[in-house]
Number of protein chains: 2
Amino acid sequence: MNSSDAPIAQQPGAHQLRRSNSRKILHAAWDQGPVTASELIEATGLTRATVLNQAKELVAAGWLREAADTRSAGEYSKGRPALRYELDDSSGLIAGLDAGQHRITLALADLTGAELLREEVRTDPEAGAEQRITAVIGLLQRTLGSLGVQRFAALVIAVPAPVDSAGRSPEHPEGFWQRMNPNWITALEPYAQLLAVDNDANLAAVAEMRAGASGSFAALMVGERLGAGIVVDGALLRGGQGFAGEMRALSYVSGVGNALGLGYLARKEAREALENGRVSTLRREGLDARQVFRVAAAGDLLAGEILESLGERLARIAAVTAGFLGLERIVLCGAMAEYLDPVLCIAHRELAKDPELAAVQLAASSLGADVALKGALANALDLVRRAAPFAK
Amino acid sequence: MNSSDAPIAQQPGAHQLRRSNSRKILHAAWDQGPVTASELIEATGLTRATVLNQAKELVAAGWLREAADTRSAGEYSKGRPALRYELDDSSGLIAGLDAGQHRITLALADLTGAELLREEVRTDPEAGAEQRITAVIGLLQRTLGSLGVQRFAALVIAVPAPVDSAGRSPEHPEGFWQRMNPNWITALEPYAQLLAVDNDANLAAVAEMRAGASGSFAALMVGERLGAGIVVDGALLRGGQGFAGEMRALSYVSGVGNALGLGYLARKEAREALENGRVSTLRREGLDARQVFRVAAAGDLLAGEILESLGERLARIAAVTAGFLGLERIVLCGAMAEYLDPVLCIAHRELAKDPELAAVQLAASSLGADVALKGALANALDLVRRAAPFAK
DNA sequence: TCGACTTTATTTAGATGCTAAATTTATATC
DNA sequence: GATATAAATTTAGCATCTAAATAAAGTCGA
């Protein structure tokens, strides 16, 4: 009997998860070339009416564009020619940034993931956070400016430090992690719609996933210091404060004892042996891992011994990491991956001694020295795909 | 100009994810007592019309029931009394089964998770798969029969073996894992609508999560053999063939060397010391871990040494597992957890020596000897909640 | 006991985003 | 130009929501 006016306010908001089909359609169109509506119907299980409707909206929103029709594309067909849509790759740029200790590399790609250009600047490894930030912002502004683009659709930054889910790195006694990750997220916020920071090994793992790895595996960076990106059941692990994949615990593993990288150890062992007067074809000038491998291949005894010790070490590291987590595969990443084969052979031999562990596959990555950067790009692309279609 | 009839068949199906709001409402009503529609509006953000509509349907479907109205429940209020709904807990039973080596325990609970009854049968640890299956089926049939229930809404089985995502266990040289998990999923399919098998340590981890644990931690079973349920970033790890949390790799950890449990080692070390003629108040008859702890508390030197060695061992195990994964916490589970304190103290002392590792919290579970069973129940409840509302 | 008041349920009228089916359009072939 | 084909477009209808108005069920004070 309430005859007063006052309408009862009911919750507004809503509209929640509607429009989920436009995402379906966009995703189905993403990685193929031009697609006809019929193919989209097939792929999404939606009705023709829906597909055409949504496709029209996606074109209006700048996510898709109409391509030449089926007939002109070659496939002969009777009947009315089908409309064809393709991803409007000009509608956004994605970026990956490898902010390493000595070098900062920026890679750009379009929305299909095709790389467009790459820029690189060197930095003083001792440089403070401020300097690094201005160097990166300069690089970004220059690149954006020269392309006449406001900002990137997504930017992912690879850093040599643990990174938690919020993009922060824990404190390090010497402040190294803070220097490597001076809160990039807030610093670079103006330059990308979607932004993420991650550990370089984690991004290497992402790159490996994109290249086909699946299930449970680790991407192990083997150069200067060991660090792993760990994927279990298809999901990248992060852990408290981003510590998953940190290799400090190797100090408890017998026959390993530290988390030093294979490259570092190759140099160190060679240098020490030479200082102790060992005979070898190794030269002290320009002594690096590559030289050790080369000389070993030519039959040098000392270098051979070094590789032997590295191989045994690697086998133990693989056995332990894989053992606790049920990893099926360990992929060795970094610049050394290209010439790591001899060490891999030794490690395989060692692993085969314990049949229970033979299940772990150990292999070198085929993605080259810039895996982390590739992973950053892959991750950036993924961010866009997951968020799309969003307003631009 | 095609005036023929032939209607173009367009995709049927559809209806996909609609009705998602009924799930929202059911979930909001699940763990509270009786709830008014207004409270559901608040909790779900939906309109009154929607909430009442869906609630009505959920009542019809047997998931909710109407409870006494607000007024009669005590809270005074003016105006028209609100309808109140509550979970119809009589509408389904969930079950957890701990299918251990020596003992099989069945626990039943209603849909709120309140435990109703527990049954236990002993089994010959050497019994074959067939025998174990018939024992379990007998137990289930008896229980279902006595309650006059067709089948459980969900049943989760805990087994002492690795279990992959399909519920299978890998082959074990002695066939142990197959005996413990003789493909329970297919064997027990008639007895529950939702069915899952998992490793007991994994389910212990689930129980800990239900009890409030979050982030990254491990539930470590410490009795006869070590085994862990590992949770990273809130997700339970499984790994290839379910091997995540297997502790075989401890054979590579210096000062540990094997995956034997603390209880087993306490007995073994005590027995060996006595055989070597060590003086102690320990008695050889009925020698078990508990006795070692008791005697140590009374000042026995030998027992004290044993606890000391267990503590140091535990510290290393914790450091290694936590180190690789960034675990924030390790919870010790199993029957021993209740009296494990002295060993924990020693382990804490050891961990504190390395400040980098002091971040790992080490604690005994407060969930008692039947953690795995509790986890199985929790998991079963979760299965139902995730699947609900489904046809019954 | 009656009515004012409060808080809720119920009803009614759109809006949205889809399906299903009929209809129209664009092209190739004969 | 008629015919066939395969597509786009239109139209109707349905399910599930929101928004707003209306009815109901109780309390409270006079």
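Throughout, protein chains are lettered first and strands after them, A, B, ... in sequence-line order, and every chain is numbered starting at 1. None of the values given here were measured: they were computed from a predicted structure.
- When distances are taken from the side chain of T50(A) to each of dA19(D), dC18(C), dA9(C), the shortest belongs to dC18(C).
- For A37(A), counting side-chain heavy atoms from C-beta on, the closest listed nucleotide (dC18(C), dT18(D), dA8(D)) is dA8(D).
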inquiry  = side chain to side chain contact (heavy atoms under 4.5 Å, CB included) for W63(A) and F390(A)? Distances and angles first, verdict last.
reply    = CA-CA 9 Å; W63(A) 284 101; F390(A) 53 83; 3.8 Å; yes
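- For R80(A), whose side chain is taken as the heavy atoms from C-beta onward, the closest listed nucleotide among dC17(D), dT8(C), dT24(C) is dT24(C).
- Between dC17(D) and Q54(B), a contact under 4.0 Å exists linking OP1 or OP2 to a side-chain N or O.
- Proximity note for L52(A) (side chain, C-beta onward) versus dC18(C), dC17(D), dT9(D): the nearest is dT9(D).
- In this entry the distance linking CD of E66(A) with C1' of dA7(D) reads 14 Å, nearest Å.
- Between N53(A) atom CG and dT19(C) atom C1' there is a gap of 12 Å when expressed in whole angstrom units.
- Rounded to an integer number of Å, the gap from L46(A) CG to dA20(C) C1' is 14 Å.
- Nearest nucleotide to the A49(A) side chain, out of dT19(C), dC17(D), dA8(D): dT19(C).
- The side chain of N21(A) contributes an N or O atom lying less than 4.0 Å from OP1 or OP2 of dC18(C).
- Following rounding to the nearest Å, L83(A) (CG) and dA6(D) (P) show an atom-to-atom distance of 17 Å.
- Rounded to whole Å, the distance from CG on L58(B) to P on dT16(D) is 13 Å.
- Atom OH in Y85(A) sits roughly 13 Å away from atom P in dA7(D) (whole-Å rounding).
- Side-chain atoms of V197(A) and V156(A), non-hydrogen and from C-beta on, never get closer than 4.5 Å to each other.
- Close to dT8(C), at under 4.0 Å from its OP1 or OP2, lies a side-chain N or O of S38(B).
- Phosphate proximity of dT9(D) to K56(A): present, with a side-chain N or O under 4.0 Å from OP1 or OP2.
- Checking dC18(C), dG26(D), dA7(D) against every side-chain atom of R48(A), the shortest atom distance belongs to dA7(D).
- The CG atom of L40(A) sits 14 Å away from the C1' atom of dA7(D) (whole-angstrom rounding).
- Distance CD1 (I41(A)) to P (dT9(D)): 12 Å, rounded to an integer number of Å.
- Checking dA20(C), dA7(D), dA9(C) against the side-chain heavy atoms of A82(A) singles out dA7(D) as nearest.
- The pair E66(A)-R84(A) fails the salt-bridge criterion, with no side-chain N (NZ, NE, NH1 or NH2) lying under 4.0 Å from an Asp/Glu carboxylate O.
- Under the side-chain contact (heavy atoms from CB on, under 4.5 Å) rule, L40(A) has a single partner from T50(A), I25(A), L46(A), L52(A), which is I25(A).
- Within the 4.5 Å cutoff, side-chain heavy atoms of L108(A) are placed close to those of F152(A).
- An OP1 or OP2 oxygen of dT8(C) is reached within less than 4.0 angstrom by no side-chain nitrogen or oxygen of T36(B).
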